[in-house]
Participant: 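Sharing a structure here in structure tokens format.
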2 protein chains.
Amino acid sequence: MRIGETAAAAGMTTKTLRFYEDRGLLPATDRAPNGYRDYPHETVSRLEFIRRGRTAGLTLAQIGEILAVRDIGHAPCIHVKDLLAKQLHDLDARIAELTALRATVAEFHEAAAAGDPAACDPERICSYL
Amino acid sequence: MRIGETAAAAGMTTKTLRFYEDRGLLPATDRAPNGYRDYPHETVSRLEFIRRGRTAGLTLAQIGEILAVRDIGHAPCIHVKDLLAKQLHDLDARIAELTALRATVAEFHEAAAAGDPAACDPERICSYL
DNA sequence: CTTTACCTTCCACTAAACTGGAAGGTAAGG
DNA sequence: CCTTACCTTCCAGTTTAGTGGAAGGTAAAG
């Protein structure tokens, strides 16, 4: 698989893949005789994992740590375990924060929904925008 | 309340408060006769709200939109309602993404925890670090 | 009266995560 | 052979969210 096809499959640009390779999130892959990168199909799921992490708000550095653990595959040494425990803890904190925020925003939304929509002129833009 | 005290109460720096004022997240407040900013106590909770949003991964622009709605207080026009509905939707997507990621990381963690910790030499740093 | 700890503005810099563009190689179609 | 659509490297620019530091004002304590 060439870079363009791989990037498209993951919904990214070729620029982004080269950038991820540079940052160590994507291992330097084989090259075709002409120098073109040749990716195995698994790269797509790896990229999808990265994207999920990004969407969730993790930094590339954090995602890189998780991927490094995944790449070792075996060797469950205490450092690996601690690292993952920390990531889990961070994720839990993040989820709790988001859930609290959602509740706050839901309150605002209900208050807004309770008002009379007819009172708003669709031709006019809200005063604060 | 002067800027230093306000910032400390919210666990931020004075630099950050001035920056938030510049970005419109913090309204320009009263000044003492000597030119010093004088914040009302509510500013602390506003700052805490901003920090929660940031921790949750929202951008300052998104937080600013929510705060703008809060500042209007009344006037539940359709634009406001739509904006909040969109924010809620984004938050839900984010929470779902994070929860899925947490499950993946938990799997890695359990696999690591299942290994024999004695196999790891505490004197040696993991090969991937 | 000077030191200390605040505060003011302004401008430049950083880090993260890309994104754009230049300059050039390659392989297939017309 | 030429155009087109890929690919290569390298370097520079962008956005977001601050941070650092200069140059200077202010108020209280020693």
Participant: Grab the CZ-P distance between B:Phe19 and D:dG20 for me, whole Å please.
Facilitator: 14 Å
Participant: Give a yes/no on whether any side-chain N or O of A:Arg2 is located under 4.0 angstrom from OP1 or OP2 of D:dA5.
Facilitator: no
Participant: Going by heavy atoms closer than 4.0 Å, what residues in residues 31-39 of chain B are next to DNA chain C?
Facilitator: B:Arg31, B:Gly35, B:Tyr36, B:Arg37
Participant: Taking OP1 and OP2 of D:dT19, is either one under 4.0 Å from a side-chain nitrogen or oxygen of B:Thr13?
Facilitator: yes
Participant: A side-chain contact here means heavy atoms from C-beta on lying under 4.5 Å apart; do B:Phe108 and A:Ile66 qualify?
Facilitator: yes
Participant: Rounded to the nearest angstrom, tell me the gap between atom CZ in B:Arg23 and atom P in D:dT15.
Facilitator: 11 Å
Participant: Using whole Å, what does the distance between atom C1' of nucleotide D:dA22 and atom CZ of B:Arg18 come to?
Facilitator: 14 Å
Participant: Compare side-chain N and O positions of A:Tyr20 against OP1 and OP2 of C:dC18 and report whether any pair is under 4.0 Å apart.
Facilitator: yes
Participant: Looking at side-chain heavy atoms only, is the closest gap between A:Leu47 and A:Leu25 below 4.5 Å?
Facilitator: no
Participant: Under a 4.5 Å cut-off applied to non-hydrogen side-chain atoms, are A:Thr43 and A:Tyr20 in contact?
Facilitator: no
Participant: A side-chain contact here means heavy atoms from C-beta on lying under 4.5 Å apart; do B:Leu101 and A:Thr55 qualify?
Facilitator: no
Participant: Could you state the CD-P distance from B:Glu5 to C:dA5, rounded to the nearest angstrom?
Facilitator: 17 Å
Participant: Taking atom C1' of C:dC11 as reference, at what distance in whole Å does atom NZ of B:Lys15 sit?
Facilitator: 10 Å
Participant: With heavy-atom distances below 4.5 Å as the criterion, would you say the side chains of B:Glu110 and A:Leu84 are in contact?
Facilitator: no
Participant: Between A:His89 and A:Asp92, is the side chain to side chain contact (heavy atoms under 4.5 Å, CB included) condition met? List the steps.
Facilitator: CA-CA 5 Å; A:His89 184 267; A:Asp92 285 340; 5.7 Å; no
Participant: Any heavy-atom pair between the side chains of B:Asp71 and B:Arg46 that's under 4.5 Å?
Facilitator: yes
Participant: For a quick test of reading the model, state the closest non-hydrogen atom pair linking B:Ile50 to B:Ile63 and the distance between them.
Facilitator: O-CD1, 3.6 Å
Participant: Ignoring the backbone of B:Thr16, work out which of D:dC6, C:dC6, D:dT19 is nearest its side chain.
Facilitator: D:dT19
Participant: B:Asp22 CG to C:dC10 P: how many Å, rounded?
Facilitator: 10 Å
Participant: When the distance from CD1 of B:Ile3 to P of D:dG25 is rounded to whole Å, what number comes out?
Facilitator: 19 Å
Participant: Can you list, by residue number, the residues of residues 41-53 of chain B that have a non-hydrogen atom closer than 4.0 angstrom to DNA chain D?
Facilitator: none
Participant: Indicate yes or no: at least one non-hydrogen side-chain atom of A:Tyr39 is less than 4.5 angstrom from one of A:Arg37.
Facilitator: yes
Participant: Mind calculating the distance between CD (B:Glu21) and C1' (D:dG18) to the nearest angstrom?
Facilitator: 15 Å
